[in-house]
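Here's the structure we're looking at; comments come further down.
In this text the structure is predicted, and so the values were computed from the model without any measurement.
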Amino acid sequence: MKAHPRTALVALAVLLGAAGCAKSETQATAGPGEAASAQQQVVQTPAGSAGPTCTLDQFGGTKFDLKTATVGFSQSEKEANPFRIAETKSIKDEAAKLGIAALKVTNAQSQFSKQITDVQQLIAQGVKLLVIAPLNSDGWEPVLQQAAAKKIPIITVDRKINAKPCSDYLTFIGSDFYEQGKRAADQMINALSGKGKVAILLGAPGNNVTTERTNGFKDRIKEKASDIQISFEQTGEFAREKGQQVTEQLIQSNPDINGIYAENDEMALGAVTALKGAGKDPGAIKIVSVDGTRSAVQAIADGWLHAVVESNPRFGPLAFETARKFLDGEPIPDKVIISDREYDGSNAEASLGEAY
């Protein structure tokens, strides 16, 4: 694994604490030695000149006290996915830690129309700050217009919305998804020694995460491994059951497939179920995915997954720290990119307690 040099990172000062993250039915329980470093996100040091920033004066808003304000968090997807469980818990835990008494949390249950309605209702209930995990990148105009009219800052986490920062919304906090795709490709190239046929289990359509993880992977394969052929692509909608169904179809239609790139761990774990059902041996088909759930890291240790590129969902501390700085008049960048680690056979077993 190529680790990011810690000297090149700006560590977030606020940690989630010992509470950790919630687990799904299939996740392992964290041991008592879970590392504190796994409880935080770190921000990449910007390269080159700083990009656009936004201040409270530029935004046109009014300062308020986070502790006494009504704050809204809109979750996009059903919390069957460990990423979403950890993300929501992080927001709730940090709000409690900071003494934010009026946190309102909604869940769109993977329905975009419901998410729009959820956020509109939060605005009607008088929220002063919105943190949104968007289901889709487009279609937010009704919400943005209503929030802008009341000068409500919006922080988007884990997915972007296609709108204007410091006007329609404040900032985006999340990973470099294109880079994640490139890093996944590097792992796949290593697993296949630069030759073979690869399938892509695409994420849900309509958001920047799927687009960028796909483009990063394909561009890297084209650049570094011309003998790897991408012979199959189909959406698994970021869901385990769908990932299993697509993989079952894949191994029937493409029995000579050598590798699977799953754009999240849930689809990768669905693929593992399909491969087990087909009588495949661990490692017979190399699987690389993105997220870093405990179940996926365990699957590396068990030989079913080759590698996982992390996408850290613990946004609570960084989201509220960003809001605090903004309210104190500090300039906020239009995007805050976090640094993600990788898991592979060299570190999976030892790092299991650090996954979510």
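The 12-atom threshold is not exceeded at CD of Glu349, counting heavy atoms of other residues, nucleotides or ligands nearer than 6.0 Å. The 12-atom threshold is not exceeded at NZ of Lys335, counting heavy atoms of other residues, nucleotides or ligands nearer than 6.0 Å. Heavy atoms from other residues, nucleotides or ligands lying under 6.0 Å from CD of Gln109 number more than 12. At most 12 heavy atoms of other shown residues, nucleotides or ligands fall within 6.0 angstrom of atom CD in Gln252.
When all heavy atoms of Ala204 and Thr210 are compared, the pair lying nearest together is O-OG1, 2.6 Å. Contact detail for Phe64 and Leu129: the closest heavy-atom pair is CZ-CB, 4.1 Å. When all heavy atoms of Leu305 and Ser289 are compared, the pair lying nearest together is CD2-OG, 3.8 Å. Residues Pro205 and Asn136 come closest through the heavy atom pair O-OD1, 4.1 Å. Residues Asp265 and Thr293 approach most closely at OD2-N, 2.8 Å, considering heavy atoms. Residues Asn258 and Leu192 come closest through the heavy atom pair O-CD2, 3.7 Å.
Judged purely by atom type and a 3.5 angstrom limit, Thr235 uses its side chain to pair as donor or acceptor with the backbone of Gly203. With Thr171 contributing its side chain and Pro333 its backbone, the two residues share a donor-acceptor pair below 3.5 Å. Here the side chain of Gln58 pairs a donor or acceptor atom with the backbone of Thr55 at under 3.5 angstrom. Listed for the Arg294 side chain is a donor-acceptor partner under 3.5 Å among the backbone atoms of Ala355. Put simply, the side chain of Asp291 never gets that close to the backbone of Ser311: no donor and acceptor are under 3.5 Å apart. A donor-acceptor contact shorter than 3.5 Å is absent between the side chain of Ser351 and the backbone of Glu354. Side-chain atoms of Asp168 do not come within 3.5 Å of backbone N or O of Leu144 as any donor-acceptor pair. The backbone N or O of Pro165 sits nowhere less than 3.5 Å from a side-chain atom of Asp334 that would complete a donor-acceptor pair. Judged by distance alone, the side chain of Lys218 and the main-chain N or O of Ala185 form no donor-acceptor pair under 3.5 Å. Distance alone, capped at 3.5 Å, is enough to place a donor-acceptor pair between the Ser90 side chain and the Gly316 backbone.
Follow the hydrophobic side-chain contacts under 4.5 Å out from Phe217 and you reach Val288 in the same cluster. At a threshold of 4.5 Å between side-chain heavy atoms, the hydrophobic network of Ile, Leu, Val, Met, Phe, Trp and Tyr places Trp304 and Ile257 in one connected group. Transitive grouping of hydrophobic side chains (ILVMFWY, heavy atoms separated by less than 4.5 Å) brings Val272 and Val246 into a common cluster. Linking Ile, Leu, Val, Met, Phe, Trp and Tyr residues whenever their side-chain heavy atoms come within less than 4.5 Å leaves Ile251 and Leu202 in two separate clusters. Residues Ile287 and Met188 fall into different hydrophobic clusters, defined by Ile, Leu, Val, Met, Phe, Trp and Tyr side chains chained together at heavy-atom separations under 4.5 Å.
Between atom CD1 of residue Ile260 and atom NZ of residue Lys286 there is a gap of 12.5 Å, rounded to the nearest 0.5 Å. From Glu87, atom CD reaches atom OH of Tyr356 across 9.5 Å, with rounding to the nearest 0.5 Å. A distance of 11.0 Å separates CG in Leu122 from CZ in Phe73, rounded to the nearest 0.5 Å. Between the CD atom of Glu321 and the CG atom of Leu98 there is a distance of 8.5 Å, given to the nearest 0.5 Å. The CG atom of Asn190 sits 4.5 Å away from atom NE2 of His306, with the distance rounded to the nearest 0.5 Å. With values rounded to the nearest 0.5 angstrom, Thr247 atom OG1 is found 11.0 Å from Asn254 atom CG.
Side-chain polar atoms of Gln245 and Gln249 form no donor-acceptor pair below 3.5 angstrom. Judged by distance alone, the side chains of Gln75 and Thr88 do bring a donor and an acceptor atom under 3.5 Å apart. In this model, no donor atom of one side chain and acceptor atom of the other lie less than 3.5 Å apart for Gln121 and Thr106. Side-chain atoms of Asp340 and Asn312 include no donor-acceptor pair closer than 3.5 Å. Under the 3.5 Å distance criterion, with hydrogens and angles disregarded, no donor-acceptor pair is assigned to the side chains of Arg314 and Gln41.
A heavy-atom distance below 4.5 Å is found between the side chains of Ile338 and Leu318. Contact check for Glu266 versus Phe83: no side-chain heavy atoms found under the 4.5 Å cut-off. Side chains of Ser76 and Arg84 form a contact here, defined as non-hydrogen atoms less than 4.5 Å apart. At least one side-chain heavy atom of Lys224 sits less than 4.5 Å from a side-chain heavy atom of Asp186. In this structure the side chain of Trp140 reaches within 4.5 angstrom of the side chain of Gln115, judged on heavy atoms. Looking only at side-chain heavy atoms (C-beta outward), Tyr178 and Thr211 stay at 4.5 Å or farther from each other. You'll find the side chain of Val290 reaches within 4.5 Å of the side chain of Tyr261, heavy atoms only. Counting heavy atoms from C-beta on, the side chains of Ile155 and Phe326 never come closer than 4.5 Å.
Each of Thr156, Ile161, Val336 was compared with Phe172 under the side chain to side chain contact (heavy atoms under 4.5 Å, CB included) criterion, and only Thr156 meets it.
Electrostatic pairing of Lys63 and Asp328 counts as a salt bridge here, judged by a charged N lying under 4.0 Å from a carboxylate O. A salt bridge does not link Lys97 with Asp93: every distance from a Lys NZ or Arg NE/NH1/NH2 to an Asp or Glu carboxylate oxygen is 4.0 Å or more.
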Lys151 and Thr62: side chain to side chain contact (heavy atoms under 4.5 Å, CB included), yes or no, with the steps?
CA-CA 8 Å; Lys151 297 297 181 183; Thr62 304; over 6 Å; no
Could you walk me through whether Phe320 and Ile100 pass the side chain to side chain contact (heavy atoms under 4.5 Å, CB included) test, one step at a time?
CA-CA 10 Å; Phe320 287 117; Ile100 298 172; 3.6 Å; yes
Step by step, would you call Ile91 with Leu103 a side chain to side chain contact (heavy atoms under 4.5 Å, CB included)?
CA-CA 9 Å; Ile91 296 291; Leu103 176 70; 4.3 Å; yes
For a salt bridge (charged side-chain N to carboxylate O under 4.0 Å, His left out) check, start with the C-alpha distance between Glu263 and Arg213, then their side-chain angles and the critical distance, and finish with the verdict.
CA-CA 7 Å; Glu263 294 185 342; Arg213 283 181 183 168; over 6 Å; no
Walk me through it: do Asn347 and Glu342 pass the test side chain to side chain contact (heavy atoms under 4.5 Å, CB included)?
CA-CA 9 Å; Asn347 68 353; Glu342 292 177 19; 6.0 Å; no
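In terms of the side chain to side chain contact (heavy atoms under 4.5 Å, CB included) criterion, residue partners of Thr70 (sequence neighbours excluded) are, by chain and number, Ala102, Lys104, Val127.
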